[in-house]
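Predicted, not measured: the structure shown is a model, and the values here were computed from it.
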Amino acid sequence: MTILCYHSVEPEWSSPLAVEPDAFAQQAAWLRRNRRVLPVQEALLRMDARGRLPRGTAALTFDDGFAALHRYVLPVLLRQRLPATVFLVAQTLTPAGRPVDWVDTAGTRCLTTLTPDQVLEMQDAGVDFQSHSWAHHDLTQLSRDECVRDLRDSREMLTELLGRPVTLLAYPRGLHDAAVREAAAAAGYTHAFALPETAEEPGDYAVPRVGIYRGNGRLTVRVKATRPYLGVRTSAPVAACAQRAKRAKRVVRGLRPRR
């Protein structure tokens, strides 16, 4: 089993990052019936050296903190009694806010993120919140001092807002290297989560997850939640094929390749 990573759940945004609400409800119901869904903190304690959870278990995470989580995800989590962790971009919760400028698919102008009041309401309902950095920059492109400051500012701001320690980080876009991992430790995090598309060495600061995207049905989620999936998905032949397909889609859409 593994830790699953969602982004948004909403009907209007036709992005790979936005799972349709009916599909998410079906996936959550399947997980409730067929898996023991662990809180992320417990999952970390039970994960093996290859980043896999014990058979029959899973964990749920959501990156970016999109506002649609309050409307479409919270009711499902409560109905199915599932624990989940949402990784927040801290700057979006400041008085000045931050636009969602880190997503390069169509329809992003209408995207909004959770408000502080919604975050606190969801926390009271049992949802766990952690850090997705301060400003959703590519951390591998920052200097060491810039990276530490970004991550520390996020952790301290969220700790104050939530009234409890924030110790977990999800790397923006899943991007990290040795310097970023060291910066995460220096900024006070105990663990950091990736989203590998190629083989990576798992560790406390490279905890692997598997992405769930629009169009993934219950069968796909079932396959992605199996223990062998991550190893197969990040193997050299499969990863190379996936990268070629992604580049082809971006060319068709007229988007520049992501660096």
Side-chain angles (χ1 to χ4, degrees), residues 1-9 19 23-65 69-70 72-88 114 119 121-132 155 158-159 162 164-171 174 184 189-196 200-213 216 218-234:
M1 303 302 106
T2 191
I3 298 175
L4 304 178
C5 174
Y6 290 80
H7 288 80
S8 193
V9 174
V19 173
F24 175 70
Q26 293 173 11
Q27 293 162 14
W30 182 86
L31 287 167
R32 174 67 181 174
R33 291 192 304 269
N34 296 279
R35 298 289 183 267
R36 181 186 173 198
V37 180
L38 304 174
V40 165
Q41 294 280 10
E42 183 178 347
L44 289 170
L45 295 175
R46 303 188 66 184
M47 185 169 285
D48 68 17
R50 295 172 62 185
R52 302 179 306 178
L53 298 179
R55 293 187 186 278
T57 63
L60 288 174
T61 65
F62 296 83
D63 284 3
D64 298 322
L69 300 183
H70 183 269
Y72 295 108
V73 172
L74 180 59
V76 176
L77 296 178
L78 294 176
R79 182 167 65 249
Q80 299 295 344
R81 301 191 299 279
L82 296 176
T85 292
V86 176
F87 292 98
L88 298 166
L114 293 165
V119 168
E121 177 189 342
M122 292 176 71
Q123 179 174 247
D124 288 344
V127 178
D128 176 46
F129 287 95
Q130 301 289 340
S131 171
H132 198 37
R155 185 180 60 79
L158 292 174
T159 293
L162 299 169
R164 58 164 185 76
V166 169
T167 60
L168 307 181
L169 167 71
Y171 300 118
Y189 296 92
T190 63
H191 296 81
F193 294 78
L195 196 56
E200 293 182 359
E201 185 68 28
D204 287 349
Y205 295 94
V207 179
R209 296 179 296 166
V210 169
I212 305 296
Y213 302 105
N216 288 176
R218 279 177 293 180
L219 177 59
T220 301
V221 173
R222 181 176 179 178
V223 170
K224 287 187 173 184
T226 59
R227 284 169 64 89
Y229 175 80
L230 185 64
V232 173
R233 170 67 182 84
T234 58

Indicate the atoms forming the closest heavy-atom contact of [X] with [Y], along with that distance.
X     : Y     : value
Leu38 : Glu42 : CD2-OE2, 3.6 Å
Val37 : Ala59 : CG1-CA, 4.3 Å
Phe24 : Val19 : N-CG1, 3.8 Å
Pro39 : Pro83 : N-CG, 3.7 Å

Validation row: [X], [Y] side chains within 4.5 angstrom (heavy atoms):
X      : Y      : answer
Leu168 : Phe87  : yes
Val73  : Val127 : no
Val166 : Leu88  : no
Gln26  : Val221 : no
Val76  : Val9   : no
Val40  : Gln130 : no
Leu69  : Leu74  : no
His132 : Asp64  : yes

Using 0.5 Å steps for rounding, measure from the [atom1] atom of [X] to the [atom2] atom of [Y].
X      : Y      : atom1 : atom2 : value
His70  : Met122 : NE2   : CE    : 7.0 Å
Arg33  : Arg218 : CZ    : CZ    : 6.5 Å
Thr57  : Arg36  : OG1   : CZ    : 8.0 Å
Arg209 : Tyr171 : CZ    : OH    : 11.0 Å
Gln27  : Leu82  : CD    : CG    : 11.5 Å
Phe193 : Asp204 : CZ    : CG    : 10.0 Å

Main chain of [Y], side chain of [X]: is a donor-acceptor contact present, judged purely on distance under 3.5 Å?
X      : Y      : answer
Lys224 : Gly211 : yes
Asp124 : Glu121 : no
Glu200 : Ala206 : no

Check: Are Tyr189 and Ser131 close enough that a side-chain donor and a side-chain acceptor fall under 3.5 Å?
Finding: yes
Next item on the list: Apply side-chain contact (heavy atoms from CB on, under 4.5 Å) to His191 and Met47, showing your working.
Entry: CA-CA 12 Å; His191 296 81; Met47 185 169 285; over 6 Å; no
Next item on the list: Specify whether Tyr6 and Phe62 have parallel, tilted or perpendicular ring planes, treating 30° as the upper limit for parallel and 60° as the lower limit for perpendicular.
Entry: parallel
Next item on the list: Apply side-chain contact (heavy atoms from CB on, under 4.5 Å) to Val119 and Phe129, showing your working.
Entry: CA-CA 8 Å; Val119 168; Phe129 287 95; 3.9 Å; yes
Check: Is it true that atom CZ of Arg46 has more than 12 heavy atoms of other residues, nucleotides or ligands lying nearer than 6.0 Å?
Finding: yes
